[in-house]
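I have placed the structure first, in the form of structure tokens, so that the comments after it can refer back to it.
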Number of protein chains: 2
Amino acid sequence: MSYAEQYIEKLRKSGLRPTKQRVKICEVLFDAEKTFHFTIKELVKIIENQANIKVSLATVYNTVHAFIKRGYLKEIPLNASQSYYDTNVTHHHHFFDEEDNKLIDIDQDDVDEINIRKKIPGKKIRSVEVIAKIVSDNQSQK
Amino acid sequence: MSYAEQYIEKLRKSGLRPTKQRVKICEVLFDAEKTFHFTIKELVKIIENQANIKVSLATVYNTVHAFIKRGYLKEIPLNASQSYYDTNVTHHHHFFDEEDNKLIDIDQDDVDEINIRKKIPGKKIRSVEVIAKIVSDNQSQK
DNA sequence: AATTATATTAAAATAGTTCTAAACTGTTGA
DNA sequence: TCAACAGTTTAGAACTATTTTAATATAATT
Ligand SMILES: [Mn+2]
Ligand SMILES: [Mn+2]
Ligand SMILES: [Zn+2]
Ligand SMILES: [Zn+2]
């Protein structure tokens with residue numbers, strides 16, 4: 001199946017018709033060799049740089065939300081004032097570099113299984129995510 | 001040391017003068033028998049209900065931020081469009097109830113030590129937090 | 001008490017996100 | 001062929017959490 005066909009399938013499964021703008025968004029999101037993290041602002045900038053297509057903010061937000069709902073993207077919980085999104089939809093964890101404001105993936109395999117002994121009656125765990133904040137390691141101990 | 005004195009000390013250590021408004025904020029935050037989680041909007045509502053003091057949003061934000069900087073409050077990373085704050089400043093983890101939008105503490109002791117095998121050169125880990133999303137456990141498997 | 005530094009406040013500004021409503025596009029079937 | 005329709009894009013308005021501004025008020029210092 002060609003890339004273009006994959007995008008169209010992803011869009012269809014998300015309940016969206018494959019329009020020019022949406023396919024362009026797919027190219028940026030799903031054509032990358034590696035998964036990556038992005039903010040909406042960054043995504044718009046990439047689209048503007050790569051294409052002569054103009055895509056409105058509303059279309060970007062709508063499409064991203066449709067993909068999240070369908071499971072093709074993940075939203076990453078950060079205390080920032082803006083949302084971070086992730087094209088890596090496997091279960092994994094994150095470093096958050098507080099100096100660069102950048103997320104770095106941690107494979108599930110790189111963290112021992114997390115066993116939470118506390119239980120909440122009537123509730124079940126749907127997901128467990130670790131966020132490790134990192135900063136520069138300045139060994140200088142003046 | 002009386003409560004009032006404790007508040008004044010907390011304020012002074014945060015670099016703030018003990019004004020009527022700030023002491024009131026301290027009463028709400030630090031007088032509770034239990035620690036709790038709150039949004040700014042909720043905090044303002046509590047103050048309005050408890051006191052005949054009117055406190056502006058700007059003062060609430062400034063004071064909360066000063067306490068965070070000094071370590072008397074913590075900000076909790078959630079993907080929501082608003083920040084959650086925590087009067088429990090010990091190292092601990094959270095359940096996030098996606099139905100009630102409520103945070104529930106998990107003591108550090110209730111989670112096995114988290115060992116992250118991946119290392120980032122030149123960076124060190126400053127904090128590790130677990131967020132477990134929970135939902136109702138409907139056993140009904142029609 | 002006078003002086004100075006800091007705080008409070010209402011209101012404006014900012015910024016991310018969502019909504020609206022009008023113009024546009026592609027498809028269908030008469 | 002092309003009118004009608006369903007769905008899409010878009011600019012801009014609206015919304016909301018947070019921050020900033022600048023005038024007034026209060027606290028600390030002398
Ligand atoms: Mn969202
Ligand atoms: Mn903040
Ligand atoms: Zn990731
Ligand atoms: Zn907590």
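Each chain gets a letter, A, B and so on, in the order the sequences are listed, and its residues count up from 1.
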Atom [atom1] of [X] to atom [atom2] of [N]: distance rounded to whole Å?
| X | N | atom1 | atom2 | value |
| --- | --- | --- | --- | --- |
| A:K54 | C:dA23 | NZ | P | 18 Å |
| A:I25 | D:dT8 | CD1 | P | 13 Å |
| A:I76 | C:dG16 | CD1 | P | 19 Å |
| A:L11 | D:dT8 | CG | C1' | 13 Å |
| A:L78 | C:dT17 | CG | P | 12 Å |
| B:K24 | C:dT9 | NZ | P | 14 Å |
| B:I8 | C:dT6 | CD1 | P | 19 Å |
| B:I40 | D:dT16 | CD1 | C1' | 14 Å |

In terms of side-chain heavy atoms of [X], which of [options] is nearest?
| X | options | answer |
| --- | --- | --- |
| B:Y61 | C:dT6, D:dA11, D:dT19 | D:dT19 |
| B:R12 | D:dT9, C:dA10, D:dA28 | D:dA28 |
| A:Q82 | C:dG16, D:dA17, C:dA7 | C:dG16 |
| A:S56 | D:dT9, D:dT19, D:dT18 | D:dT9 |
| B:R22 | D:dG7, C:dT8, C:dT17 | C:dT8 |
| B:T19 | D:dA27, C:dT9, C:dT17 | D:dA27 |
| B:V55 | D:dA28, C:dT9, D:dT19 | C:dT9 |
| B:T59 | C:dT8, D:dT8, D:dT20 | C:dT8 |
| B:R17 | D:dT18, D:dG7, C:dT6 | C:dT6 |
| B:A58 | D:dT18, D:dT9, D:dT20 | D:dT20 |

Is [X] close enough to [N] that one of its side-chain N or O atoms is under 4.0 Å from OP1 or OP2 there?
| X | N | answer |
| --- | --- | --- |
| B:K41 | D:dT16 | no |
| B:Q21 | C:dT9 | yes |
| B:H65 | D:dT19 | yes |

Could you check B:K24 against B:E27 for salt bridge (charged side-chain N to carboxylate O under 4.0 Å, His left out), going step by step and ending with a plain yes or no?
CA-CA 5 Å; B:K24 181 67 213 171; B:E27 279 175 24; 3.2 Å; yes
Gap separating the CD atom of A:E98 from the NZ atom of B:K123, nearest 0.5 angstrom:
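Atom-to-atom, A:E98:CD and B:K123:NZ are 10.0 Å apart.
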Atom CG in B:L11, atom CZ in B:R22: separation rounded to 0.5 Å?
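These two atoms lie 7.0 Å from each other.
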For DNA chain D, whose closest nucleotide is more 5', that of B:K20 or that of B:L57?
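In this pair, the answer is B:L57.
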Would you verify whether the NZ or CZ of A:K10 falls within 45 degrees of the ring axis of A:F30 while also being under 6.0 Å from that six-membered ring's centre?
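Yes, a cation-pi geometry holds between A:K10 and A:F30.
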Out of A:K74, A:E42, A:H94, which residue meets the side chain to side chain donor-acceptor pair (under 3.5 Å) rule with A:H37?
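Result: among A:K74, A:E42, A:H94, A:H94 is the only option passing the side chain to side chain donor-acceptor pair (under 3.5 Å) with A:H37.
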Could you check B:H93 against B:D105 for side chain to side chain donor-acceptor pair (under 3.5 Å), going step by step and ending with a plain yes or no?
CA-CA 6 Å; B:H93 305 290; B:D105 279 354; over 6 Å; no
